[in-house]
Every structure is written in structure tokens, then in C-alpha cells.
Amino acid sequence: MGCSRSLILFINLAITSNLVALIIAQDDDASCTERADYCWKCTDGATYTPGDMYQVNLKSLLSSSSSKTQNNYGFYNSSMGKHPNNVNGIALCRGDLSQDLCQACLNTSIGRVLQTCSTQKEAIFWAERCMVRYSYNLIYGIEKQYPVKYVPGAEFLDNPQPFQPVLDYLLHNLSDRAASSLKKFAAGHATVPGAETIYALVQCTPDIDKKNCSNCLKESILEIERCCGGKKGGRVLKPSCSFRYEINSFFLPTANSLVDIPASDPAPAPKEEKKKSNIKQIVITIVVVLVAFVTILSSICIFLRLTKRRVKLDEDENSKEINLVESLQYDFETIRSATDDFSDANKLGRGGFGAVYKGRLLNGQPIAVKRLSENSEQGDREFKNEVMLLAQLQHRNLVRLLGFCLKTDERLLIYEYVPNTSLDHFIFDTNNHEHLDWETRYKIIGGIARGILYLHEDSRVRIIHRDLKTSNILLDEDMNPKIADFGMARLFAIDQTQGDTRTVGGTYGYMAPEYVIHGRFSVKTDVFSFGVLVLEIVSGKKIGSFRYGENEVDLLTYAWRNWREDTIENIIDPVLTASSRIETMRCIHIGLLCVQENVVDRPTVASVVSMLNSQSLALSVPSQPAFYIYHKTGSDILTLTESDQS
Ligand SMILES: *[C@@H]1O[C@H](CO)[C@@H](O)[C@H](O)[C@H]1NC(C)=O
Ligand SMILES: *[C@@H]1O[C@H](CO)[C@@H](O)[C@H](O)[C@H]1NC(C)=O
Ligand SMILES: *[C@@H]1O[C@H](CO)[C@@H](O)[C@H](O)[C@H]1NC(C)=O
Ligand SMILES: *[C@@H]1O[C@H](CO)[C@@H](O)[C@H](O)[C@H]1NC(C)=O
């Protein structure tokens with residue numbers, strides 16, 4: 001069992017903590033502002049405390065680079081302080097800028113990076129015209145291609161076929177020139193026959209040598225497809241090099257040069273193909289090694305089991321499953337001490353089905369423990385089976401169920417701990433909701449949709465959540481949403497297939513009318529709740545406590561009225577800036593489609609996800625939402641007993 005447990009632990013580690021996903025995500029793991037005028041990556045890990053030597057050194061280093069007078073081709077390199085508080089910094093302006101413009105860009109960027117990456121010891125910050133980078137490690141003269149940020153332009157090309165080879169040729173030509181130059185910079189343009197003129201600019205930090213610069217740029221050019229395939233413009237940003245192309249001139253004309261495209265063979269030399277995506281190769285190698293490792297480990301486990309362990313007679317033939325259950329079962333004492341005997345100080349709150357406590361396992365892993373309060377008609381064996389099934393549902397937008405614990409009259413569920421509490425603490429909080437910008441809200445909406453899609457269609461069993469609401473959407477440290485409390489109906493042996501149920505569990509306001517009235521649920525009842533969530537996220541208003549002027553109406557009616565009267569602005573949370581209105585309006589539109597009274601008219605989550613992914617997908621016109629009268633019941637949870645079975 002020790003062996004299988006460690007194997008499962010390892011697989012969990014590899015899959016759940018998204019090791020594989022992390023490696024792949026390194027492709028593009030920096031963040032940008034909504035308009036992508038600034039992008040950054042603060043390396044997690046090492047931090048400094050405000051006021052310490054590292055901060056003092058960092059500040060003096062950065063202020064010296066923004067005020068240096070001599071022109072090093074717009075490149076500043078310095079280090080400050082002694083080990084362990086030494087800081088190394090690099091700042092670089094776009095090669096075409098004058099000294100004044102360069103200083104101005106560095107000035108603002110330094111202010112912003114210190115604000116954005118407060119207390120992180122290592123950071124990189126790319127503005128449109130300059131870049132700032134610092135670290136406690138040596139960075140001077142070392143080629144570095146991570147982190148990467150791909151910034152595709154907004155518009156698509158009408159005809160990408162002839163565009164791509166010209167762009168490729170132009171970028172290769174400029175890269176060769178930049179690598180050989182002192183400044184490590186080149187800009188120019190080339191014309192697609194009978195079509196667009198492409199303007200491009202490539203640059204390396206001048207501290208790296210010719211070969212390194214050329215290597216960095218050429219690998220970046222191979223990533224164009226992934227970054228900006230079919231787009232009219234784009235940027236690939238790396239610590240050691242970057243390039244940008246647009247169909248309008250975006251740099252100072254003094255830097256410009258014409259690049260002729262040879263008529264015969266505009267495509268870059270085919271030998272480049274061989275190198276195609278080094279990163280992909282690395283990822284594949286790592287995945288292969290991981291798989292090989294798991295295979296070897298499992299072979300050893302199986303071998304050991306076959307030779308050493310006598311197979312118990314009464315053991316089920318599917319011992320694999322039993323081992324899985326074993327690996328999911330936690331000892332009650334372990335959980336009791338992890339939560340400090342379920343102390344009030346560790347109580348995170350009370351959700352449906354019981355109180356939730358924060359805990360910490362002996363190995364330091366933080367957990368959330370749900371202590372089920374309600375009686376279940378289910379026996380231990382069924383309960384274990386359900387937990388096993390739910391623990392195998394793994395998606396980045398679901399809170400992961402790590403295991404369970406059984407003790408005479410106690411049933412506990414052990415979940416991963418999600419640090420940022422739930423969405424309602426942000427969206428409805430007078431102080432917090434101002435910090436929830438549109439970019440974050442949009443990310444949350446998309447994540448919830450993908451989580452539901454997984455539950456409805458992509459997991460082994462179809463799970464209808466039945467209680468989607470803001471307090472069931474938890475947020476991780478990067479504000480990624482994670483759906484909590486899924487599959488509770490299964491654990492309580494409530495019929496889970498589409499149909500009618502006698503006991504309705506859910507939260508008033510989020511429940512579709514057919515569910516409230518007839519207890520009839522389906523994937524479309526979840527879609528209804530999702531629509532309510534979207535409207536709450538966009539408006540910053542609670543479905544249940546909606547107030548508008550003297551006439552108190554509910555959020556759905558209010559949204560519908562403004563939609564019909566073409567005053568959609570009224571629905572949008574006033575703290576949201578006007579910059580992404582089209583996206584915001586589209587979300588309101590999608591929300592209204594989801595809350596339509598007629599079940600058949602509501603889209604599936606799969607189509608909601610496509611609507612969110614593709615802005616060009618036309619949306620149908622919503623019909624009237626289900627009409628709601630909100631009753632102020634004392635409790636959040638409503639339980640109706642079905643009487644009107646039809
Ligand atoms: C840049 O900094 C490194 C490390 O401090 C130093 O070795 C190097 O000489 C500096 N180069 C320039 C051009 O200032
Ligand atoms: C940079 O900022 C400082 C104040 O933070 C200011 O005194 C200085 O004039 C600025 N320099 C430029 C070139 O904008
Ligand atoms: C690039 O830099 C590394 C050290 O950072 C060095 O080992 C390597 O030889 C350089 N050249 C190339 C082409 O990678
Ligand atoms: C880049 O293009 C220019 C103009 O067409 C040409 O003169 C130059 O030789 C090319 N450079 C490289 C390195 O391909």
C-alpha cells in the first residue's frame with residue numbers, strides 16, 4: 001500500500017499540481033494590461049521585506065538607470081549592493097528612441113514595475129518602448145528566453161497566405177542585421193505583393209553576443225504562428241530579445257530601411273525547419289521522461305505486489321479501486337489535528353451541507369475540510385465510491401477533492417485549499433469590487449464556463465451542479481475561478497440523471513423556474529444559474545438584494561428592461577472603465593441568453609464557451625428571462641418538497 005500510495009501521490013503531483021501544464025504554460029506566462037501597453041512577470045519565490053537592504057539597493061539601482069546621462073544606445077546595466085542583497089539590473093529602450101523619450105519610458109516603467117511586483121526580488125517589465133529587468137542573480141551577458149509573452153494584435157488578416165512568407169523573410173533579414181550590429185537593433189519594412197506593407201522591428205539586449213542574439217530572435221520567429229498566426233500585428237517579448245510587426249509604421253522613420261523580397265523564394269531557408277520549436281521538444285522530452293518514470297515506478301509496484309503480497313481471498317477483484325480508495329481515505333485524528341480540533345479560528349464558513357475548516361497537514365499542505373452535517377441515506381460503501389469518482393474529476397476550474405474521512409457518525413471531505421475566498425467577497429464588497437477590473441472579471445466568467453463544460457460534457461460522468469452561485473466560486477492566488485461543491489447531490493444519493501427530483505436543493509434566485517416549480521433539472525438549469533452569475537459579475541449587483549430607485553425589481557428584469565430599451569450601460573458596474581465595452585456587452589448578451597424562460601432556447605455550456613472564445617460568432621436575440629419575485633427568506637438555502645409532480 002505504501003508503494004501504491006506513493007505512486008498515486010506522484011501521479012497526483014504530476015497531474016493535479018499541473019506539472020505538465022506548468023511546463024507548457026511557461027510558453028507564455030507573463031501578464032499584460034488590457035490594452036497590452038505593459039506586460040510583466042514578477043518571479044514568485046524570493047521576496048524582500050519593505051525597508052530591507054535589498055529594497056534600498058533596488059531603488060537606488062533603478063533610479064540610477066532612469067537618470068543616467070550618457071547614452072549607451074539606450075541600454076543601462078548596473079549592479080548594486082553586496083551579497084546576499086545585491087541587485088542586478090538591465091534597462092533597454094527601443095533602438096529608435098531619442099534619449100528624452102527613452103528616459104521618459106524608463107521613468108514610468110520603473111515606477112510601475114515597483115508597484116506591480118512589490119516585494120518580489122526578480123521581475124521583468126516590458127513597455128511598448130522600453131524594458132526593465134532586475135534580479136538577485138547575474139543577468140548580464142546571459143541569453144534568456146523565459147518568461148515569454150506573446151502579444152497578438154487584435155485584427156485578422158484578410159489573406160494570410162502571401163503575408164506569412166514575407167513577414168518571415170523580413171524578420172530573418174532584420175535579425176541577421178541586428179545580431180551583427182553594436183546596438184543589436186534593426187527596423188525595416190517590406191511589401192506583400194499587391195497587399196499590405198509590413199513594418200517590423202527586432203532587438204536584443206546588447207549585452208549578449210551575436211550568436212546568442214541571433215539564436216534568441218530566430219527561435220522567437222519560429223513562435224510567430226503560436227503567438228500571432230493570421231494577425232495583422234504582434235509582439236514576442238523575451239528577456240534577451242523581442243520583435244514586433246504591424247501593418248502601419250510604428251517606429252521613428254530614421255530607423256526605417258527597405259527590405260526587398262527576392263521574387264523567387266521568399267520563404268526562409270528550409271534548414272530553419274529542423275530547429276522547429278525547441279521548447280516543444282523540451283516539453284515532449286519532459287513528458288516522455290515523466291511517463292517513463294511513472295511506468296517504471298508502477299512496474300516496480302506491481303512486481304513488488306505480485307511477489308511479496310499474498311492476495312487476500314476476500315479482496316475484490318478490482319483491487320486497483322480499493323487502493324485508490326485507500327489513498328483517498330484520511331485518518332480522522334490527522335484531520336482533527338490539522339484543523340486544531342475543528343476550532344472556530346479555523347472555520348472558513350458554512351456552506352450547504354456543512355461547515356468548512358481550514359487545516360494544514362503535517363507535510364505543510366493547506367487543506368479545506370468540509371464537515372458534512374446532513375444525514376445521508378447512503379451507506380459507507382456508496383459514499384466511498386462517490387468520493388472516488390469525484391476525486392478523479394480534475395480540471396483547473398474545479399476545486400479538487402483530495403479525499404475523505406469516515407468515523408462512526410462523522411463524514412468529512414478534504415479539498416485543496418483555495419486562498420482567495422469566494423467570488424461574492426469580491427464582487428459585492430464595496431471596497432474590493434473596485435479592484436476587480438474587467439480583465440479579471442472576464443477571465444472569471446470564462447473559467448466558470450469551462451469548469452461547467454467539464455462537469456457537463458468532458459468528465460467521465462455527467463455532473464449537474466445544481467447550486468452554482470458566487471459563494472461557490474472560489475478564487476486562487478491569480479484570481480482563477482474554481483467551482484466548489486460540485487457532485488454534492490451524488491454524495492447525498494439524490495438522483496443525478498436528468499429528470500425530476502423530490503428534494504430540490506439550491507439557492508433562490510439562481511434556480512431556473514422549472515427547477516423551483518417542478519423540481520425538474522437538467523444541464524440547462526446550470527446554464528440558467530451561470531447566466532445569473534454572469535449578470536452579477538458584470539453589474540456588481542446581487543441577484544437577491546437588488547435595488548434600483550423606488551421600484552424594486554430583480555436583476556434579471558432590470559437587465560432585460562435595459563436591454564430592450566437599449567440602455568445597456570445602466571447594467572454595467574460603474575467602476576468598470578469604458579475600455580472593453582464590446583466584450584462587456586457581449587457578456588450581458590450571453591447572460592441574457594442563459595436565463596431565458598424557455599429551457600430549449602437556453603444555449604448549452606459548450607456553445608457558451610464558443611461564444612466567449614470567438615467574438616465573431618453571431619449571437620441570437622434573447623427572449624424574455626424567467627420572471628422572478630424574490631422572497632426574503634431567512635436562509636440562503638431553500639429546500640422545497642415537491643408536491644406538484646407532473
Ligand atoms: C554590466 O554589468 C556587469 C555586471 O555588473 C559588468 O561586469 C559589466 O562590465 C557591465 N557592462 C557595462 C557595459 O557596463
Ligand atoms: C523622471 O522622474 C523624476 C521624478 O520621479 C523627474 O524628476 C524626472 O524629471 C523624470 N525624468 C524624465 C526624463 O521624465
Ligand atoms: C549563449 O550564451 C550561453 C550562456 O548564457 C553560452 O553558453 C552559449 O555558448 C551562448 N551561445 C549560444 C549560441 O547559445
Ligand atoms: C536584408 O535585405 C537588404 C535589402 O533587401 C539586403 O541588402 C541585405 O543584404 C539583407 N541582409 C541580410 C542579412 O539578409
Side-chain angles (χ1 to χ4, degrees), residues 72-75 92-97 128-129 131 141 143-145 148 153 157 159-278:
N72 275 328
Y73 319 115
F75 175 65
L92 177 68
C93 285
R94 218 170 66 186
D96 59 322
L97 294 192
E128 277 189 38
R129 299 171 150 194
M131 180 207 81
E143 179 193 349
K144 197 162 184 322
Q145 298 204 38
V148 192
L157 288 161
N159 188 3
Q161 254 79 35
F163 188 90
Q164 225 54 51
V166 174
L167 174 61
D168 247 36
Y169 184 85
L170 173 63
L171 288 173
H172 277 99
N173 179 295
L174 294 175
S175 298
D176 287 341
R177 286 200 341 234
S180 323
S181 72
L182 212 52
K183 224 172 153 178
K184 300 277 188 293
F185 165 80
H189 66 280
T191 302
V192 184
E196 302 90 353
T197 295
I198 313 173
Y199 294 84
L201 177 154
V202 310
Q203 188 166 20
C204 295
T205 57
D207 56 322
I208 60 173
D209 65 15
K210 178 179 172 180
K211 268 175 84 179
N212 270 329
C213 172
S214 174
N215 184 52
C216 182
L217 286 170
K218 300 231 153 131
E219 287 198 3
S220 308
I221 295 171
L222 290 174
E223 292 156 30
I224 282 194
E225 190 53 39
R226 212 177 326 160
C227 154
C228 318
K231 292 291 177 76
K232 283 184 179 168
R235 280 180 276 167
V236 171
L237 305 170
K238 295 183 177 184
S240 285
C241 70
S242 66
F243 71 76
R244 175 175 182 184
Y245 73 94
E246 304 287 346
I247 56 165
N248 303 306
S249 178
F250 61 94
F251 44 79
L252 299 184
T254 44
N256 202 359
S257 65
L258 174 71
V259 176
D260 290 317
I261 305 301
S264 54
D265 176 27
K271 64 173 181 228
E272 230 77 57
E273 289 296 304
K274 251 194 328 200
K275 275 205 265 179
K276 194 146 202 163
S277 202
N278 243 330

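Start at 1 with the first residue, then count along the sequence. No experiment lies behind these values; they were computed from the predicted model shown. Each ligand, and each atom within it, is numbered from 1 in the order the structure gives. Reckoned from all heavy atoms, side chains included, excluding hydrogens, waters and symmetry mates.
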Would you say atom 7 (O) of ligand 4 touches the protein, meaning some protein heavy atom is under 4.0 Å from it?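 Protein heavy atoms within 4.0 Å of atom 7 (O) of ligand 4 - there are none.
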Looking at atom 2 (O) of ligand 4, would you say a protein heavy atom lies below 4.0 Å from it?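 Yes.
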Distance filter under 4.0 Å to L258 heavy atoms, resulting ligand 4 atoms: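 Answer, ordered by atom number: 4 (C).
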Closest non-hydrogen atom pair, [X] against [Y]:
X    : Y    : result
H189 : L170 : C-CD1, 4.0 Å
N215 : E143 : ND2-OE2, 2.9 Å
Q203 : L217 : O-CD2, 4.1 Å

May I ask you to check whether over 12 heavy atoms, not counting those of K183, lie within 6.0 Å of atom NZ?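 It does: K183 NZ has more than 12 such atoms within range.
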Please list the nearest protein heavy atom to [atom] with its residue and the distance rounded to 0.1 Å.
atom                    : answer
atom 12 (C) of ligand 4 : N173 ND2, 3.4 Å
atom 5 (O) of ligand 4  : D260 N, 3.0 Å
atom 13 (C) of ligand 4 : D176 CB, 3.5 Å

Relative to F250, does R244 satisfy both conditions: NZ or CZ under 6.0 angstrom from the six-membered ring centre, and within 45 degrees of the ring's axis?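 The answer is yes, since R244 meets both limits relative to F250.
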